[in-house]
Participant: 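My structure is below; once you've seen it, I'll send some questions.
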Amino acid sequence: MREEELIIYKEFADGDILRDVVWLMEHYRSGDGRARPLFYRCMHRLSELAADHGFYGNLWHCYLTNLLVNNENSYSCACEMRGEVEGSINELVLHDIAIFKEFFDYDFTEMMVVLKAPEFAVVLAYEGPSADSKIYNRRIRDRICTLAQHFVKNENAEAMKVTLTQFYREYGVGDLGLHKAFRVEHTEKGATIVPIRNIAHVYLDDLVGYEIPKQKLTENTEAFVAGRRANNCLLFGDAGTGKSSCVKAIANEYYERGLRIIELYKHQFQDLNAVIAQLKNRNYKFIIYMDDLSFEDFEVEYKYLKALIEGGLEKKPANVLIYATSNRRHLIRENYSDKADRRDEDMHAGDTVQEKLSLVYRFGVTIFFGSPDKKQFQQIVKTLAERNGLKVPEEDLFLLANKWELSHGGLSGRTAQQFIDFLLGQTKG
C-alpha cells in the first residue's frame, strides 16, 4: 500500500482515512464486500472533518493538505519561516510528495460506479459554512483550502514540493505555525501546548492613548522578531489600562513574522522547563505571557521564574522572551515586617527585601500604564464613539461617560470601552 512507502511524512494524527481510502483504491474492483460500507464510512469521516475544520471544495484534497501542513517532521520543521533547505533530505521528501501527488490526482469516477456510491460526488465539491470551525478560524481554514487548490494546479511532484515548502516558509507547520496564541495544559504526557482558537483581533492602533508605553513595547518586540537582542518585559500599572490588550495586539501585529504567544499561569511554573524544551529548536519567536502576575507571601512559584529568566544553569533560548502584566510594581507582596528596622521577626530583613525585589529586577524593560485623567478619559470615549458610529452630541456623551465611570470602576480605558458597549447595546438597529 502506497502510504506505507512514505519515508519522511509518517504518523499522521488523522491517518486512518488515508489508510482506508488507499485500501479502497487497491481493492474496490475485487468484489470484497467490505469495500462499499468502508467507502461510505470514509464519506462520513470526510464530512465530519469538514464540519470540525470548516473545509469546503474537494474534501479529499483538503484532507490530504491538512495532513501535509500539520506533519512536524525533520523537513517541515527545518523549512518553517526559513524556506528551502539543502541536503539529501530533499530527495526523500520528493519521493513522499510524488506519492501524495498520486493521491491528489486520483480519479474516483470508476470507484463510485463500481461501488454504486454516487454520493461521493458531494464530497468532491462540498459547500461548507462560512463561519469559524471547532478547529480552525476562517483565516487558517481558507489558507488550507486555497493550498489544496494550488496543489491540484501543480503539474508534477517537483512543483508540488515547491508550493508546500513556500507554505512552510510563510506560515510554518503544525499548530505552532497555523495559530497565533496558545495555552499550556498538563496531561498524562506532561506539559502540552494547546492552540487558542479565537484570539481577539485587536491591534495597537485600536488602543487609544498610551503612545509611549506602546512604543516601548513595540521597539522591544521589533528587536526580538528581527533577531536582535531584546529584554523580558513587565507591563505594570493600574487596572483596566490596556496592559493585556497590548500583548494581544502584539500577537496579531507580528504573527506573520513568526511571533507566537504562549499564555502561562503561575501555578504552571513547574512546567516552564518542559514548555521551553518544546520551543527552543523551532524557528519561531515565542513570548511566554503571564497575565496579572503577582505573588503573596506564602507563594514561592516565583522562584521557578527567577531561575528561568536569569540564574539557572540552563540558558534561556534566544527565541524565547517573557512578557508579564501586573498591577503591582514589585510583583511580590511586601510587608512592613520586611523592613530593616523590624528586627523582631527576621534577623536578616534586608535579605528578605532583596529576595522579593530580585524578580522584578530580572525584567530588562518595565513599562508603566497609568490611569488617564478626566480629559484623557473623555478623549478615549470620544474616539471609541466615533469608531463605532455613535451619533451622540459631545456634551451629552461626556456627561453620560462621567456618570458611568463614577459607578463602574473609575477612569480607565476598560471603563470607557464598557461605557461605549453599553451605549451600543441601547441603540436600536
Side-chain angles (χ1 to χ4, degrees), residues 180-184 196 199-225 230-255 259-269 271-272 275-276 285-296 299 301-306 308-310 316 320-334 356-372 380 409-418:
K180 297 177 181 178
F182 306 82
R183 64 171 59 90
V184 175
I196 298 174
I199 183 174
H201 295 294
V202 59
Y203 290 84
L204 289 173
D205 288 343
D206 298 331
L207 305 176
V208 183
Y210 301 100
E211 298 306 321
I212 294 177
K214 288 192 296 185
Q215 181 180 355
K216 289 183 178 180
L217 185 64
T218 299
E219 288 174 351
N220 192 72
T221 307
E222 179 68 33
F224 179 50
V225 172
N231 283 291
N232 303 301
C233 283
L234 173 63
L235 286 64
F236 74 97
D238 301 315
T241 52
K243 301 182 293 295
S244 299
S245 295
C246 277
V247 177
K248 294 173 187 175
I250 287 292
N252 290 316
E253 298 273 359
Y254 289 94
Y255 165 75
L259 182 68
R260 305 293 183 263
I261 306 288
I262 299 176
E263 187 173 37
L264 194 76
Y265 298 100
K266 63 183 178 183
H267 69 272
Q268 299 174 309
F269 281 1
D271 290 327
L272 269 170
V275 169
I276 287 179
K285 302 291 185 181
F286 297 97
I287 288 176
I288 297 180
Y289 168 49
M290 303 168 184
D291 189 31
D292 198 18
L293 188 64
S294 63
F295 301 92
E296 300 301 326
E299 295 178 313
E301 291 91 344
Y302 70 91
K303 296 186 179 182
Y304 289 103
L305 184 56
K306 282 175 58 179
L308 170 67
I309 296 178
E310 183 182 333
K316 180 170 64 66
V320 176
L321 280 185
I322 294 172
Y323 282 13
T325 67
S326 179
N327 294 337
R328 290 180 181 173
R329 170 66 175 85
H330 290 149
L331 297 178
I332 304 170
R333 186 184 194 81
E334 296 178 79
K356 291 186 173 184
L357 293 180
S358 61
L359 175 58
V360 71
Y361 291 157
R362 298 189 185 193
F363 287 89
V365 173
T366 55
I367 305 174
F368 175 64
F369 286 73
S371 294
I380 293 173
L411 301 171
S412 73
R414 178 185 297 159
T415 302
Q417 183 63 64
Q418 291 171 345

Participant: Could I get the full list of side chain to side chain donor-acceptor pair (under 3.5 Å) partners for Asp271, not counting sequence neighbours?
Facilitator: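 His186.
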Participant: Can you check whether Phe236 reaches Leu293 side chain to side chain, under 4.5 Å on heavy atoms?
Facilitator: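 Sidechains of Leu293 and Phe236: no contact.
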Participant: Taking atom CD1 of Ile380 and atom CG of Leu411, what is their separation to the nearest 0.5 Å?
Facilitator: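 Ile380 atom CD1 to Leu411 atom CG measures 9.0 Å (nearest 0.5 Å).
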Participant: Taking Tyr254's backbone N and O only, do any of them form a donor-acceptor pair with Lys285's side chain (distance below 3.5 Å, no angle check)?
Facilitator: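 No: the side chain of Lys285 does not pair with the backbone of Tyr254.
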Participant: Please round to the nearest 0.5 Å and tell me the distance separating atom CD1 of Ile262 and atom CE of Met290.
Facilitator: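 CE of Met290 is found 10.5 Å from CD1 of Ile262.
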Participant: Tell me yes or no: between the side chains of Gln215 and Glu219, is some donor less than 3.5 Å from an acceptor?
Facilitator: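 The answer is yes; a qualifying pair exists.
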Participant: Leu321 vs Cys233, test: side-chain contact (heavy atoms from CB on, under 4.5 Å). Steps then yes/no.
Facilitator: CA-CA 8 Å; Leu321 280 185; Cys233 283; over 6 Å; no
Participant: Just wondering, do Ile261 and Ile199 contact through their side chains at under 4.5 Å, heavy atoms?
Facilitator: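 No - every pair of side-chain heavy atoms lies 4.5 Å or more apart.
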Participant: Among Asn232, Asn231, Thr221, which residue satisfies the side chain to side chain donor-acceptor pair (under 3.5 Å) criterion with Tyr323?
Facilitator: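 Single side chain to side chain donor-acceptor pair (under 3.5 Å) partner of Tyr323 among Asn232, Asn231, Thr221: Thr221.
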Participant: Could you report the tightest heavy-atom contact between Lys214 and Leu207, atom names first, then the distance?
Facilitator: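 Residues Lys214 and Leu207, closest heavy atoms: NZ-O, 2.6 Å.
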Participant: Just how far is it from atom OH of Tyr203 to atom CG of Asn252, taken to the nearest 0.5 Å?
Facilitator: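 Output value for this atom pair is 4.5 Å.
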Participant: I'd like a table of donor-acceptor pairs (distance under 3.5 Å, sequence neighbours excluded) in which one partner is a side-chain atom from residues 241-248, with atom names and distances.
Facilitator:
from   : atom 1 : to     : atom 2 : distance (Å)
Thr241 : OG1    : Asp238 : O      : 2.7
Lys243 : NZ     : Asp238 : O      : 2.8
Lys243 : NZ     : Asn327 : OD1    : 3.4
Ser244 : OG     : Tyr289 : OH     : 3.2
Ser244 : OG     : Asp291 : OD1    : 2.6

Participant: Apply side-chain contact (heavy atoms from CB on, under 4.5 Å) to Ile212 and Phe368, showing your working.
Facilitator: CA-CA 9 Å; Ile212 294 177; Phe368 175 64; over 6 Å; no
Participant: Starting at CD1 of Ile250, measure out to NZ of Lys180 and round the result to the nearest 0.5 Å.
Facilitator: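 With rounding to 0.5 Å, CD1 (Ile250) is 12.5 Å from NZ (Lys180).
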Participant: Between Leu204 and Glu253, what is the shortest heavy-atom contact and its length?
Facilitator: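 Shortest heavy-atom contact: N-OE2, 3.0 Å.
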Participant: Under 3.5 Å, side chain of Ser326 to main-chain N/O of Asp292, donor-acceptor pair present?
Facilitator: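 Pair absent, no side-chain N/O of Ser326 close to backbone of Asp292.
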Participant: So which heavy atom on Phe224 is nearest to which on Val320, and how close?
Facilitator: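 Distance-wise, the nearest heavy atoms are CZ-N, 3.9 Å.
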Participant: Pro372 and Tyr210: which non-hydrogen atoms are nearest, and at how many Å?
Facilitator: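 Closest pair (atom of Pro372, atom of Tyr210, distance): CD-OH, 3.4 Å.
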Participant: Quick one: does Tyr265's side chain get under 4.5 Å of Arg183's, heavy atoms only?
Facilitator: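 Sidechains of Arg183 and Tyr265: no contact.
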Participant: Find the distance between CD (Glu211) and OG1 (Thr218) and round it off to the nearest 0.5 Å.
Facilitator: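 Output value for this atom pair is 9.5 Å.
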